[in-house]
Amino acid sequence: MSSHHHAQEELIKELQRKNGSLSEEDARKWIELLWEDFEATRAKAGRKYRGSEMTEQIVRQWVTHYGAHLDEFIATNPKFNKYFGE
């Protein structure tokens, strides 16, 4: 298992601990979406890629601060809403 994949698996578990209403599948979607969104946003801004460790750190901060309420975020953000069939 790659370190990238291992980090995402840990983040999925952490997100589920923060937000018990999320299924493993939805937690996985959130982590993958947040991970990809962060990396794409940095790339579009012309920022140098700083590795998966940096991405993991940022996504972990988001999970810590917003994880308990991510499912509420779906209703107000069509960018993510489409991934959850709401």
Side-chain angles (χ1 to χ4, degrees):
M1 180 184 301
S2 72
S3 62
H4 170 95
H5 183 73
H6 181 67
Q8 284 191 343
E9 291 299 317
E10 287 181 9
L11 288 165
I12 291 164
K13 291 175 187 171
E14 188 174 331
L15 178 54
Q16 282 191 286
R17 283 191 296 273
K18 283 280 193 186
N19 189 329
S21 68
L22 292 176
S23 67
E24 182 178 350
E25 180 183 348
D26 283 349
R28 181 175 307 283
K29 284 181 193 176
W30 271 114
I31 296 303
E32 290 172 357
L33 288 168
L34 292 171
W35 192 285
E36 291 170 11
D37 190 60
F38 175 74
E39 289 190 341
T41 300
R42 282 188 65 83
K44 287 178 187 173
R47 303 250 172 119
K48 181 180 173 189
Y49 181 67
R50 295 187 51 197
S52 62
E53 296 82 13
M54 169 63 122
T55 304
E56 177 186 354
Q57 180 182 6
I58 297 301
V59 173
R60 188 171 305 280
Q61 287 176 2
W62 290 343
V63 167
T64 299
H65 295 303
Y66 309 112
H69 307 287
L70 277 178
D71 51 329
E72 297 168 14
F73 184 69
I74 293 170
T76 61
N77 193 318
K79 179 178 181 178
F80 293 109
N81 187 350
K82 67 183 177 183
Y83 294 104
F84 293 92
E86 305 271 329

(message) Does either side chain, that of Glu10 or that of His6, offer a donor lying less than 3.5 Å from an acceptor on the other one?
(response)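 There is such a pair (donor and acceptor under 3.5 Å, judged by atom type) between the side chains of Glu10 and His6.
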(request) Mark yes or no for whether Arg42, through its side chain, and Lys48, through its backbone, hold a donor-acceptor pair below 3.5 Å. (result)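 Looks like yes, one N/O pair under 3.5 Å.
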(message) Applying side chain to side chain contact (heavy atoms under 4.5 Å, CB included) to Ile58 and Leu34, what does each step give before you reach the verdict?
(response) CA-CA 9 Å; Ile58 297 301; Leu34 292 171; over 6 Å; no
Hey, what do you get for [atom1] ([X]) to [atom2] ([Y]), rounding to the nearest 0.5 Å?
X	Y	atom1	atom2	answer
Leu15	Leu70	CG	CG	5.5 Å
Tyr66	Lys18	OH	NZ	12.0 Å
His5	Ser52	NE2	OG	13.0 Å
Leu22	Gln16	CG	CD	7.0 Å

(request) Check whether more than 12 heavy atoms from other residues, nucleotides or ligands sit under 6.0 Å from atom CZ of Phe38, and answer yes or no. (result)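 Count over threshold, so yes.
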(request) State which residues pass side chain to side chain contact (heavy atoms under 4.5 Å, CB included) with Ser23; sequence neighbours excluded, sorted by chain then number. (result)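 Listed in chain order: Glu25, Asp26.
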(message) Run the side chain to side chain contact (heavy atoms under 4.5 Å, CB included) test against Glu14 and tell me which residues pass, sequence neighbours left out.
(response)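 Partners of Glu14 under the side chain to side chain contact (heavy atoms under 4.5 Å, CB included) test: Leu11, Arg17, Arg60, Val63, Thr64.
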(request) Apply salt bridge (charged side-chain N to carboxylate O under 4.0 Å, His left out) to the pair Arg28 and Glu9, showing each step before the final yes or no. (result) CA-CA 8 Å; Arg28 181 175 307 283; Glu9 291 299 317; 2.6 Å; yes
(request) Compare every heavy atom of Trp35 with every heavy atom of Ala7, then report the nearest pair and how far apart it is. (result)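 Result for this residue pair: CB-CH2, 4.3 Å.
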